[in-house]
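Written below as structure tokens is the structure these notes are about.
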Amino acid sequence: MSETFELTNQEREADLSPEQLKQLVGLVEYDVEKDPFPVTGWDAIVFVVGNATQAAHYYQSAWGMTLEGYSGPETGNRDHKAFVLRSGSIRFVLKGGVDPDSPLLDHQRRHGDGVIDISLEVPDVDKCIEQAKRAGATVVEEPHDISDGHGTVRLATIATYGETRHTLVDRSRYDGPYLPGYVERTSSYEKRPDAPKRIFQALDHIVGNVEMGKMDEWVAFYNRVMGFVNMAEFIGDDIATEYSALMSKVVANGNHRVKFPLNEPAVGKKKSQIDEYLEFYRGAGAQHLALATGDILRTVDELRKEGVEFLSTPDSYYEDEELRRRIGEVRVPIEELQSRGILVDRDEDGYLLQIFTRPLGDRPTVFFELIERHGSLGFGKGNFQALFVALEREQDLRGNL
């Protein structure tokens, strides 16, 4: 029986309709009854940062997110502070060590700011863990319940690439702000009077960078352990310049709500963006998050007002006659995209608009992508060359090419 895009609680709370969500992130129908590891959707993206207090302010003021929950010394958590923020159907949890002996501080010293846990909402934690064990996954935390006055959450955790984890969450019996141990928290921060309600609506995909020769191993992990399907493959000249190259394959759960492109470096004359990431992150990890928006032009304009910086795109990209023929008509004049540096790509299903930020922290590791889909189920293959050249320019400025 095909799934009819039932919304998660977070998607309902964000006032998203199934039709909106389908356009935002490119959902497809699939037979949920045959899924050995059913995933409802994203639950939370958990970051470890050097200063969670300041990072929480940044994501509110620059990215328009709303503070919803908190855990810290005031709530009995002596190890760290954690801030729960929301935009649309996306939940970020920012953690920063308080106790000098907190393992989060060790993680941040090694990796810098980055994603430690890509939590997934599932209808049956125990079924998923049984499947994971049969398939040879490393179970970091066995299924267990945690409770407070708001109800009970069932959790378990499996290991993936590097020190990244997937915590599996069943919150069907819980109505608290995030998890037991967190309290509801709002912020005194006030948005500008003309600021939009939110800057982005949903999470489209998360890209993982792994070591050379490891991509196929992790693709097989997601196929075998979680029943994910292969969506796309980019090799050879797909993502290569005169100096560097990478290879990428994309896996997704059955309805494509959760998508993971996985990259590895390829042999080139100089370091690729993946090599640079692996060097400065000290291993495999999540490279970028693609945030879905229904109006990328306004999103970029609003973010630039708050000082967010994007990769620059040369005018020659927009003046290329072959590109213009291939792209055809899109919802705005190409000059509007050019003035903002937004890239455009078309495939057999439709087109998409996308743009990439510069690294968000001090290390050249984690960044964000903004994406607006119009039927396309792809990832902007036609833009890979332009993106790679832009990234190489940035690498060269940092002395890392």
Side-chain angles (χ1 to χ4, degrees), residues 5 7-8 10-27 41-42 45 58-66 85-92 191-206 256-257 259 288-313 317-318 323-324 327-347 349-358 360 367-380 382-383 386-387:
F5 306 136
L7 297 177
T8 67
Q10 290 186 85
E11 291 160 354
R12 279 190 289 270
E13 290 168 7
D15 295 324
L16 292 173
S17 69
E19 293 72 25
Q20 285 176 310
L21 191 70
K22 185 176 181 180
Q23 177 174 328
L24 279 168
V25 301
L27 295 182
W42 310 99
I45 312 305
Y58 167 74
Y59 282 105
Q60 291 175 80
S61 61
W63 290 87
M65 300 189 80
T66 301
L85 299 114
R86 177 84 71 90
S87 180
S89 62
I90 308 178
R91 181 190 286 126
F92 286 175
K191 295 181 180 180
R192 289 180 287 102
D194 62 338
K197 178 182 177 182
R198 56 184 177 234
I199 288 177
F200 53 94
Q201 286 74 40
L203 181 59
D204 189 89
H205 61 270
I206 298 181
H256 294 187
R257 190 187 249 109
K259 299 183 281 290
H288 80 260
L289 287 72
L291 311 176
T293 172
D295 186 350
I296 197 170
L297 280 77
R298 183 174 186 190
T299 296
V300 169
D301 290 346
E302 294 293 334
L303 288 170
R304 282 209 168 98
K305 288 179 186 176
E306 305 300 343
V308 174
E309 296 183 330
F310 295 90
L311 295 180
S312 60
T313 305
Y317 168 86
Y318 301 95
L323 173 89
R324 290 186 173 233
I327 296 307
E329 289 295 319
V330 295
R331 74 172 182 85
V332 293
I334 199 84
E335 290 75 19
E336 290 288 307
L337 303 178
Q338 182 174 358
S339 68
R340 294 167 174 85
I342 295 171
L343 305 170
V344 56
D345 191 41
R346 183 179 290 277
D347 58 26
D349 300 303
Y351 71 93
L352 60 80
L353 308 173
Q354 61 187 160
I355 193 171
F356 299 82
T357 71
R358 288 193 164 124
L360 297 173
F367 59 92
F368 286 166
E369 170 187 352
L370 295 167
I371 186 168
E372 178 184 320
R373 292 185 182 274
H374 291 270
S376 171
L377 300 177
F379 298 86
N383 294 326
L387 171 63

task: Go through Arg192 and Glu302 one step at a time and tell me if the salt bridge (Lys or Arg N to Asp or Glu O under 4.0 Å) criterion holds.
output: CA-CA 11 Å; Arg192 289 180 287 102; Glu302 294 293 334; 2.8 Å; yes
field: Closest approach of Ile327 to Asp345 (non-hydrogen atoms, all atoms of both residues)
entry: CD1-CA, 3.6 Å
statement: Nearest heavy-atom approach of Gln20 to Asp15 is OE1-O, 3.4 Å
- request: Hey, could you give me the CD/OH distance between Glu306 and Tyr58, rounded to the nearest 0.5 Å?
  value: 10.0 Å
task: Starting at NZ of Lys197, measure out to OG of Ser87 and round the result to the nearest 0.5 Å.
output: 10.0 Å
field: Backbone of Leu203 reached by a side-chain donor or acceptor of Ser89 within 3.5 Å
entry: no
query: Checking Arg86 side chain against Ala14 main chain: does a donor-acceptor pair fall under 3.5 Å?
result: no
message: Between His288 and Thr357, is the side-chain contact (heavy atoms from CB on, under 4.5 Å) condition met? List the steps.
response: CA-CA 10 Å; His288 80 260; Thr357 71; over 6 Å; no
- prompt: Side chains of Gln10 and Trp42: does their closest heavy-atom pair fall under 4.5 Å?
  reply: no
field: Polar side-chain atom of Thr299 near backbone of Ile199 as donor-acceptor pair, under 3.5 Å
entry: yes
query: Between Leu7 and Leu16, which heavy-atom pair has the shortest distance, and what is it?
result: CD1-O, 3.0 Å
- prompt: In Å, rounded to the nearest 0.5 Å, how long is the span from NZ of Lys22 to NE2 of His256?
  reply: 12.0 Å
message: Please check: side-chain N/O of Tyr351 versus main-chain N/O of Arg331, any donor-acceptor pairing under 3.5 Å?
response: yes
query: If every non-hydrogen atom of Thr313 is compared with every non-hydrogen atom of Gly341, which pair is closest and at what distance?
result: OG1-O, 3.4 Å
field: Crowding at CD, Glu335 (>12 non-hydrogen neighbours, <6.0 Å)
entry: yes
field: Contact check, side chains of Ile342 and Val332, non-hydrogen atoms, under 4.5 Å
entry: no
- prompt: So Ile296 and Arg340, side-chain contact (heavy atoms from CB on, under 4.5 Å) or not? Walk me through it.
  reply: CA-CA 10 Å; Ile296 197 170; Arg340 294 167 174 85; over 6 Å; no
- request: Mark yes or no: Arg373 above the aromatic ring of Phe379, with NZ or CZ under 6.0 Å from the six-membered ring centre and no more than 45 degrees from the axis.
  value: yes
message: Test side-chain contact (heavy atoms from CB on, under 4.5 Å) on Leu85 and Gln60; report intermediate values, then the result.
response: CA-CA 8 Å; Leu85 299 114; Gln60 291 175 80; 3.5 Å; yes
task: State, to 0.1 Å, how close Asp349 and Gly375 come at their nearest heavy-atom pair, and which atoms those are.
output: CB-O, 3.2 Å
pair Ile371-Phe200: side-chain heavy atoms closer than 4.5 Å: no
task: Nearest 0.5 Å please: distance from the CG atom of Leu291 over to the OG1 atom of Thr293.
output: 9.0 Å
task: Indicate, with yes or no, if the rings of Phe368 and Trp63 have centres closer together than 6.0 Å.
output: yes
Check ion pair Glu11-Arg257 (N to O, under 4.0 angstrom): yes
message: Taking Gly294's backbone N and O only, do any of them form a donor-acceptor pair with Gln201's side chain (distance below 3.5 Å, no angle check)?
response: yes
task: Decide yes or no for Tyr317 and Leu337: does some side-chain heavy atom of the first lie under 4.5 Å from some side-chain heavy atom of the second?
output: no
- request: Go through Gln23 and Glu19 one step at a time and tell me if the side-chain contact (heavy atoms from CB on, under 4.5 Å) criterion holds.
  value: CA-CA 6 Å; Gln23 177 174 328; Glu19 293 72 25; over 6 Å; no
query: How long is the span from the CE atom in Met65 to the CZ atom in Arg198, to the nearest 0.5 Å?
result: 11.5 Å
Rounded distance (nearest 0.5 Å) linking atom CG of Leu353 with atom CG of Asp295: 10.0 Å
query: Should Leu311 and Phe367 count as side-chain neighbours, where that means a heavy-atom distance under 4.5 Å?
result: no
query: With no hydrogens and no angle check, is any side-chain donor or acceptor of Arg324 less than 3.5 Å from a backbone partner on Ile334?
result: no
message: Would the distance check show the side chain of Lys305 and the main-chain N or O of Ala195 forming a donor-acceptor pair, the cut-off being under 3.5 Å?
response: no
task: Please report the shortest heavy-atom distance between Ala62 and Leu303, naming the atom on each side.
output: O-CD2, 3.1 Å
